[in-house]
Amino acid sequence: MGILLQQIVNGIALGSIYALIALGYTMVYGIIRLINFAHGEIYMIGAFVGYFALTAFGLPFWVSLLLAMVIPALLGVLIERVAYRPLRSSPSITVLITAIGVSLLLQNLAMLWFSPDPKTFPQIFTRAPFNIGGVRITFPQVIVLATSVLLMIGLNFMVQKTKIGKAMRAVSQDKEAAKLMGIDTDRIISFTFAIGSALAGAAGVMVGIIYPRIQPLMGTMPGLKAFVAAVFGGIGSIPGAMLGGVIMGLTESLVTAYISSTWRDAIAFSLLIIILLVKPAGILGKSTREKV
Amino acid sequence: MPANLLEARSLTMNFGGLTAVVNLSFQILKGELVGLIGPNGAGKTTVFNMLTGVYAPSEGSVYLENELVSSLKPHTITQKGIARTFQNIRLFNDLSVLDNVRIAFHSRSSFPIFDAVFLTPRFFKKEKAIYDNAMELLGIFGLADKKDEKAKNLSYGQMRRLEIARALATNPKLLLLDEPAAGMNPQETEELTELITEIREKFDLTILLIEHDMSLVMKLCERIMVLDYGILIANGTPDEVRANRRVIEAYLGGDV
């Protein structure tokens, strides 16, 4: 029982990181129907920005976290502007391939600039665990969980209550009609990339605090898993991405504990195949008919 | 003599080899209520799409208050004062009735991201003002008690009314209505006719409407333009148009 609770705690901490990344996938998909495969690399860049802010510049944690959100946000906007916007009226497969290209470009630039050797993320929080009812919780886990929850509450408020959030929902539902209601859709799309990328950047720092090894190819696997999480929750659905991320984290940590860590990734991706077979729209997704 | 609000000069629209609208020129004066009619496929909705910037005209230009607007993006044209409804209703289905209208209000001002992030008093004040305006508009359209309902759960007639309310929230000078009475029963059409008259006065609007329901068009419009195969074949008062030989031919086909 102790082990189970322990794994649930670990799983939720990991899952909240997946959820942060998955949100970017789902928001971008919701607004321009693109699976942005460069999203995992944005997360990697976030981890490196956090790393350099903490080590080379010796900035305090919260400032570093903020920087690790702002710089990826700007990068996300730039990528959309130069790589995706010119293809706005192209077939979706063209944009998808471009996204894969951007992903490879960022990986290789990162290897060039940061060197392919793994770096150790500075340990700013004590790793001494405290016990709650036999479950060991570490301070980094608390930070990760609290930060993720705060960011998600903030996102939810923004999407539900503010006018830019409403404009985002309007654009995702009917882009043409939104334009004719005076909404600058290009601006809303830029903003969506900024928010999604900022969350991924934050996830990069979060992962650095729990698993303190970062390297230029670190974005691939979590990127793919967060994508699975977004599909699992229902791509395009924000609560779905949060739920999908947490379920993904829990699955991984339970599989590692009870089956074997070598099965972890295989099971994660089997999950994708099963969802696509059984409920293609995801848990919270709506099955939509294609408009003709 | 009232001023010119909208002027279309030699508008032509080609889709590949098909020419949907040919060399169309017309003017709409401030305060006018003009009908645009014609058989199916005559190019009426294409004209709306050119006026609102959805299509860039292949040739020709559109002027709003003597300012060239046909090269602008749709959202800028909306901000300049042309709003529209759609033939096949295009509400934001998963947003509430209130939010559908609020979104259109929002387009009038810039997004104060700073205010929204830091929840400044100005943010709440602006939101309150928008809420009040939106509720007033919903009241006029008899939708105030539906404000929290999702748009997709409204009845058909309510959706049609909400579309007009949403268009009005952008504060237009010129309102384009694309078949507002489509699918309505005679009583609903009657109510819509009254509603259009009412909002026209209240909001000081100029209206251009596409409609197949001749009872509505003849009753409401002061001037009617008739389009056939993309060509303007008549432009005059309802009585003139009714008596126009080319119009009768276009509708009934062949010699009459």
Side-chain angles (χ1 to χ4, degrees), chain A residues 30-31 66 69-70 73 77 85 88-89 150-151 153-192 194-195 198 234 236-240 281 284-289 291-292, chain B residues 48-49 51-55 72-86 88-96 98-113 115-117 119 123-124 126-127 130-131 150-152 163 166-172 176 178:
Chain A
I31 212 146
L66 194 66
M69 291 175 72
V70 170
V77 171
R85 189 173 298 180
R88 196 61 55 75
S89 48
L150 276 178
L151 287 173
I153 291 173
L155 177 73
N156 225 28
F157 174 80
M158 192 203 75
V159 171
Q160 297 298 330
K161 297 288 178 202
T162 66
K163 61 175 158 184
I164 196 151
K166 280 176 203 142
M168 282 167 71
R169 287 191 288 154
V171 173
S172 76
Q173 285 175 37
D174 191 334
K175 208 184 295 172
E176 290 304 316
K179 277 183 195 168
L180 292 165
M181 293 307 127
I183 297 172
D184 183 348
T185 48
D186 279 339
R187 196 171 157 187
I188 299 298
I189 292 168
S190 288
F191 187 76
T192 307
I195 297 291
S237 154
I238 287 178
L284 300 181
K286 284 163 297 182
S287 45
T288 45
R289 280 164 294 148
K291 270 184 234 160
V292 189
Chain B
F48 269 26
N49 282 337
L51 296 181
T52 50
V54 175
Y55 298 153
L72 301 175
K73 289 186 173 175
H75 68 89
T76 322
I77 295 180
T78 305
Q79 286 162 5
K80 297 247 178 230
I82 301 182
R84 73 173 288 180
T85 64
F86 297 89
N88 45 346
I89 301 173
R90 291 177 79 166
L91 291 166
F92 304 121
N93 281 324
D94 286 322
L95 294 182
S96 70
L98 179 61
D99 280 347
N100 264 279
V101 175
R102 270 205 284 214
I103 277 186
F105 268 113
H106 284 150
S107 72
R108 291 190 201 176
S109 55
S110 60
F111 294 108
I113 292 174
D115 291 342
V117 170
L119 298 177
F123 172 77
F124 289 108
K126 270 191 159 176
E127 284 291 314
I130 285 174
Y131 175 85
K150 279 191 177 176
K152 64 180 171 195
E163 267 221 323
R166 185 180 65 168
L168 279 182
T170 64
N171 194 23
L176 308 178
D178 198 345

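Quick caveat: nothing in here was measured; it's all calculated off a predicted structure.
Once rounded to the nearest 0.5 Å, the distance linking CG of A:L180 with CZ of B:F48 reads 11.5 Å. One distance of note links OG1 of B:T52 with NZ of A:K179; it measures 10.5 Å at 0.5 Å rounding. Interatomic distance, B:N100 CG to A:R169 CZ, rounded to the nearest 0.5 Å: 10.0 Å. Between the CG atom in B:L95 and the CG atom in A:D174 there is a gap of 11.0 Å [rounded to 0.5 Å].
If you measure heavy-atom distances from B:R166 to chain A, the contacts under 4.5 Å come from both the backbone and the side chain.
The shortest side-chain heavy-atom distance between A:Q173 and B:D94 falls under the 4.5 Å cut-off.
Between chain B and the options A:A170, A:A178, A:S172, the largest number of non-hydrogen pairs under 4.5 Å is found for A:A170.
Around atom NZ of B:K80, no more than 12 heavy atoms belonging to other residues, nucleotides or ligands sit under 6.0 Å away.
For A:K166, the salt bridge (charged side-chain N to carboxylate O under 4.0 Å, His left out) partners at least two apart in sequence or on another chain are B:D99.
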Could you give me the CA-CA distance, side-chain angles and deciding distance for A:D186 and B:K73, then say whether side-chain contact (heavy atoms from CB on, under 4.5 Å) is met? CA-CA 11 Å; A:D186 279 339; B:K73 289 186 173 175; 3.3 Å; yes
Trace of the side-chain contact (heavy atoms from CB on, under 4.5 Å) decision for A:M181 with B:T78: CA-CA 6 Å; A:M181 293 307 127; B:T78 305; 5.6 Å; no
Give the C-alpha distance, both sets of side-chain angles, the deciding distance and a yes or no for side-chain contact (heavy atoms from CB on, under 4.5 Å) between A:T185 and B:H75. CA-CA 8 Å; A:T185 48; B:H75 68 89; 5.6 Å; no
